[in-house]
Amino acid sequence: MDFWNLEPVALPAELDVLRADVRAFLRDELSAGRIESRCDQWLGGWDGGFSGRLGERGWLGMAFPERYGGTAAGALARFVVTEELLAAGAPVAAHWIADRQSGPSLLRFGTEEQKHAFLPRIARGECFFAAGMSEPDTGSDLASVRARGTRVDGGWRLAGTKVWTSGAHRAHAMIVLVRTEPRTADRHAGLSQFIVELPHPDVHVRPIRLLTGEHHFNEVVLDEVFVPDARVLGEPGSGWHQVTGELAMERSGPERFLSTFPLLSLAVERLRDHEASRVGAVVARMWALRQASLAVAGRLEAGAAPAVQAAAIKDLGTRFESVVTDTVRLLTRAVPDPGSDRPLPRLLAEAILHSPGFTLRGGTNEILRGVVAKELGTR
């Protein structure tokens, strides 16, 4: 069965040099105080200046061809860079969605004009994207979207509401999934994607704050937003096919199990020898998830869109992140304190406060298990 066709991937030896370069860069950034190591920075660590410094080194747009501003280094090279950034707890939220999924989607489905308009800026760390997928009362069931697109002279009018839209209040553009044809028995038909440039007078962005008070998520209201034909992504009606490829990139990466790695790394330095078996069990589980994620990166490198495998990795990975938090809390007996000057209590507090979102964002675990069950023929 193709679902299980995740062949192990060995990273080429030349990527060891790249990994060493990224580590040296991050050591300099941390020691100079330009960045601070924190948990869940791929969601909350918005630092456009840091993204720009990555772009200067060719570490954004690594899967883009050179003619679009990229380096053509490929998905495996990008995996190495992102793995090191996440392990260091670096602030990568600004460019994350653009580099991870919006840029590759533009590369695959966009027009030449769209590619030249956005991809070089993404690769330079100058253009940030949001993903307009989820909607109120529909959860992770993207096929049930109610936002609509209506054909008008010269383009389309979009109306509806999106939620959990990370970074929409800061992004330069958003790829929106809407229904452009009446709903039929085939729930996946009649969906289309559009590039909405931001800010826009008819796009109203309202904050959804985390338990910490932080503002990453948003409710985005599309109030009859005009989008010209030049900003249709791909073919009208092909949105489901396009978005499933995007979800493979969104759900399978190392961010799905490394959000709490800075906490684990710090705790390991402080644990005693007799706790090694407990820590070893956690690290072994993380390594298995890494191998699966790396295998999906290999499939992406080969041009595949392994959405079902990505769903399984996201389900397993986001549950693992909470295991890290619980294990560290138990073994260190640290008292979480978000305002502490000491890193362990602060990182533990960050992990605890962010943990309710781990199994929700990017698709709830219940929906992901349904995707896997359908592929296996058990539902």
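This is a predicted model, so every value here is computed, not measured. If you read the sequence from its start, that first residue is 1, and numbering goes on from there.
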Distance, nearest 0.5 Å, that separates [atom1] of [X] from [atom2] of [Y]:
X	Y	atom1	atom2	value
R299	Q309	CZ	CD	5.0 Å
D223	R157	CG	CZ	10.0 Å
M62	T71	CE	OG1	4.5 Å
T318	I313	OG1	CD1	11.5 Å
T325	E350	OG1	CD	11.0 Å
Q193	L106	CD	CG	9.5 Å

Should [X] and [Y] be counted in the same cluster of Ile, Leu, Val, Met, Phe, Trp and Tyr side chains packed under 4.5 Å apart?
X	Y	value
V163	I97	no
V225	V152	no
L331	F261	yes
F109	V227	no
L258	I352	yes

F129 ring center near H172 ring center (under 6.0 Å):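 Ring centroids of F129 and H172 are no less than 6.0 Å from each other.
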Where [X] and [Y] come nearest, the two heavy atoms and their spacing:
X	Y	result
H354	D40	ND1-OD2, 2.7 Å
A131	E246	CB-OE2, 4.4 Å
T161	E219	CG2-CG, 3.6 Å
H216	G44	CE1-CA, 3.1 Å
S293	G253	OG-C, 3.5 Å
A93	L43	CB-O, 3.3 Å

D186 atom CG, neighbour heavy-atom count above 12 within 6.0 Å: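 Counting other residues, nucleotides and ligands, CG of D186 exceeds 12 neighbours.
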Over 12 foreign heavy atoms within 6.0 Å of CD, E235: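 It does not: E235 CD has 12 such atoms or fewer within range.
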Check against ring-ring contact (aromatic ring centres under 6.0 Å, His included), Y68 and H116: CA-CA 6 Å; Y68 300 128; H116 285 288; 5.1 Å; yes
In the structure I gave you, are the side-chain heavy atoms of [X] and [Y] within less than 4.5 Å of one another anywhere?
X	Y	result
R179	R146	no
M174	N218	no
L222	V203	yes
D21	W59	yes
L294	L76	yes
L60	I122	no
T82	V92	no
D28	R34	yes

Cation-aromatic face contact R78/W96, 6.0 Å, 45 degrees: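 Relative to the ring axis of W96, which defines the angle, R78 lies inside both limits.
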Single hit among L177, V232, L233 for side-chain contact (heavy atoms from CB on, under 4.5 Å) with F194: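 The option that passes is V232.
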Check against side-chain contact (heavy atoms from CB on, under 4.5 Å), V145 and K162: CA-CA 9 Å; V145 297; K162 298 292 178 179; 3.9 Å; yes
Below 4.0 angstrom, N of the basic side chain to O of the carboxylate: do [X] and [Y] qualify?
X	Y	value
E181	R151	no
E36	R346	yes
E112	K115	yes
K314	E255	no

S340 side chain to P336 backbone, donor-acceptor under 3.5 Å: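 It does not hold such a pair.
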Results of salt bridge (Lys or Arg N to Asp or Glu O under 4.0 Å) for R19 - residues two or more places apart only: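 With sequence neighbours excluded, R19 shows a salt bridge (Lys or Arg N to Asp or Glu O under 4.0 Å) to E83, E84, given in chain and number order.
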Any residue meeting side chain to side chain contact (heavy atoms under 4.5 Å, CB included) with T332, in chain and number order, not counting sequence neighbours: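 For T332, the residues satisfying side chain to side chain contact (heavy atoms under 4.5 Å, CB included) (neighbours in sequence not counted) are A267, L271, V328, A334, L344.
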Geometric class of the F217/W164 ring pair [parallel <30°, tilted 30-60°, perpendicular >60°]: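 Geometry flag for F217 against W164: perpendicular rings.
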Evaluation steps, side-chain contact (heavy atoms from CB on, under 4.5 Å), between R27 and L30: CA-CA 5 Å; R27 281 195 299 271; L30 289 163; 5.9 Å; no
Chi angles and distances behind the side-chain contact (heavy atoms from CB on, under 4.5 Å) call for F118, S102: CA-CA 10 Å; F118 294 106; S102 303; over 6 Å; no
